[in-house]
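One structure is given below, encoded as structure tokens.
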Amino acid sequence: MNLAQFLAGRLAKGIVVLFAIAVLNFFLIRAAPGDPAQVLAGEAGAADEQLLIQLRERFGLDQPLLTQLWVYLKGYLTFDLGFSYRQQQSVLSLILDRLPATLLLTGAAFIVSLGLGTLMGALAARRAGRWQDSVITTLALIFYATPLFWVALMSQIVFSLKLGLVPNVGYESIGTNYTGLARALDIASHLVLPALTLGLFFTALYARMMRASMLEVAGADFVKTARAKGLAPGLVSRRHVARNAILPVVTLAGLQAGQLVGGAVLTETVFAWPGIGRLMFDALVQRDYSVLLGVFFMSSAMVVGFNILTDIVYRLADPRIEAVS
């Protein structure tokens, strides 16, 4: 199967998955108690029946459920994710405004977690049974078991409030009017804590996976043959062991790259990071159905895209793999 056929098959499956997720999300959101009309009427202090009827007509909530579903799916086919009456703005523009911040956060967390986790796992495997292995394994277990919100709060207290090394909240400093490199450095300083917080959990997973994979590959026949030929231990580890051991890590990283968006909801809320995770949290509190469904759809599309990209990278990393549709 050539690459074009492979991509076509993956895209077709991705479209089916997105359609199923969109329908499921629609019914799950509608099953939740409350609706935008009740929230807005309650905030206005005039939750009488006539006002609720008018608001439901305005939002289209008075239509039969299947009619609402059809309008919702038809809009998605034309890339119309709806309109937020709460924000008085189209959902697509709201998401596109927030998406760069989320991609920056999740991208930085992904790079940090994959790089640090792979390095820690490789070092632990090379020092298996020694004190370095015990230290790395213990740290990975602590990172994995510690709740994300606790890490976020403690990092704010220690590194920002106590030590004053980096800012604790926000995307950039307010009122500074930085431009160019100064603005980039300012954003980077605000990115440090949320990116490290979000990446620590996945660092632990990659470290454990890399260690186990390297120990398994180290016992393979081709590695024993390389050592018997007199190759240097470092060369054997880099060229033969690490290169083959990293394939399962690549698969795991690709599958969990999309989960970073889900983890970003809590991280963005704690650190006041203006991404789609924070947007989704606010929309949930406000019962803003259109925004919630739009963010869910965009997040699902990102997960599907990451999975397809992982399949491509895995296939390129190991040409022996015969991809199937």
Side-chain angles (χ1 to χ4, degrees), residues 94-95 97-121 123 135-136 138-208 210 252-253 256-285 295 298-299 302-303 306:
L94 280 172
I95 293 177
D97 287 343
R98 303 288 191 97
L99 188 59
T102 293
L103 292 178
L104 178 61
L105 173 59
T106 55
F110 180 77
I111 293 172
V112 169
S113 61
L114 183 58
L116 185 59
T118 302
L119 182 62
M120 290 174 60
L123 180 59
V135 170
I136 292 175
T138 302
L139 286 176
L141 182 60
I142 292 174
F143 293 161
Y144 182 80
T146 305
L148 185 62
F149 72 90
W150 189 88
V151 175
L153 293 175
M154 289 302 103
S155 63
Q156 285 181 321
I157 293 174
V158 174
F159 297 106
S160 181
L161 299 181
K162 296 295 184 181
L163 300 178
L165 297 177
V166 289
N168 62 333
V169 294
Y171 180 76
E172 58 185 318
S173 300
I174 300 175
T176 55
N177 297 321
Y178 288 138
T179 57
L181 180 60
R183 182 168 184 259
L185 292 175
D186 182 51
I187 294 175
S189 66
H190 286 79
L191 179 64
V192 172
L193 287 184
L196 288 177
T197 300
L198 184 58
L200 279 181
F201 174 81
F202 296 94
T203 297
L205 293 179
Y206 301 147
R208 293 170 66 88
M210 187 66 180
L252 180 66
Q256 293 185 331
Q259 295 182 15
L260 284 168
V261 178
V265 175
L266 180 57
T267 306
E268 289 180 1
T269 302
V270 173
F271 289 99
W273 190 263
I276 61 174
R278 178 71 181 274
L279 177 66
M280 181 170 66
F281 178 80
D282 293 339
L284 178 63
V285 175
V295 173
M298 186 65 71
S299 301
M302 292 173 65
V303 172
F306 279 126

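Values reported hereafter were calculated over all heavy atoms of this structure, with side chains retained and with hydrogens, waters and symmetry mates removed. If you read the sequence from its start, that first residue is 1, and numbering goes on from there.
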Could you measure the distance from the [atom1] atom of [X] to the [atom2] atom of [Y]? Nearest 0.5 Å is fine.
X	Y	atom1	atom2	result
I136	L119	CD1	CG	8.0 Å
L279	E268	CG	CD	9.0 Å
L94	I276	CG	CD1	11.5 Å

Closest heavy-atom pair and its distance - [X], [Y]:
X	Y	value
P194	T267	O-CG2, 3.7 Å
T197	F271	OG1-CZ, 3.7 Å
S189	V166	O-CB, 3.7 Å
F143	L200	CB-O, 3.6 Å
P167	L193	O-CD1, 3.7 Å
M120	A207	CB-CB, 4.1 Å

Give the C-alpha distance, both sets of side-chain angles, the deciding distance and a yes or no for side-chain contact (heavy atoms from CB on, under 4.5 Å) between L196 and S155. CA-CA 9 Å; L196 288 177; S155 63; over 6 Å; no
So with a 6.0 Å cut-off around CZ of R98, is the heavy-atom count from everything else above 12? yes
Can you name the residues that form a side chain to side chain donor-acceptor pair (under 3.5 Å) with [X], not counting sequence neighbours?
X	result
D186	S173
Q156	none
D97	Q89

Please enumerate all residues that pass side-chain contact (heavy atoms from CB on, under 4.5 Å) together with [X], with sequence neighbours excluded.
X	result
L191	L104, L105, A108, A195, W273
S113	F202, T203, Y206
L181	L185
T118	L114, M210, I246, V249

Provide the full list of salt bridge (charged side-chain N to carboxylate O under 4.0 Å, His left out) pairs with a residue in [range], sequence neighbours left out, each pair given once.
range	value
residues 155-164	none
residues 273-284	R278-D282
residues 142-160	none
residues 166-176	E172-R183

Hey, are the side chains of L99 and M302 touching, using non-hydrogen atoms and a 4.5 Å cut-off? yes
According to side-chain hydrogen bond (donor to acceptor under 3.5 Å, both in side chains), does anything in residues 138-147 pair up with another residue at least two apart or in another chain? List the pairs.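 Residue pairs with at least one partner in residues 138-147: there are none.
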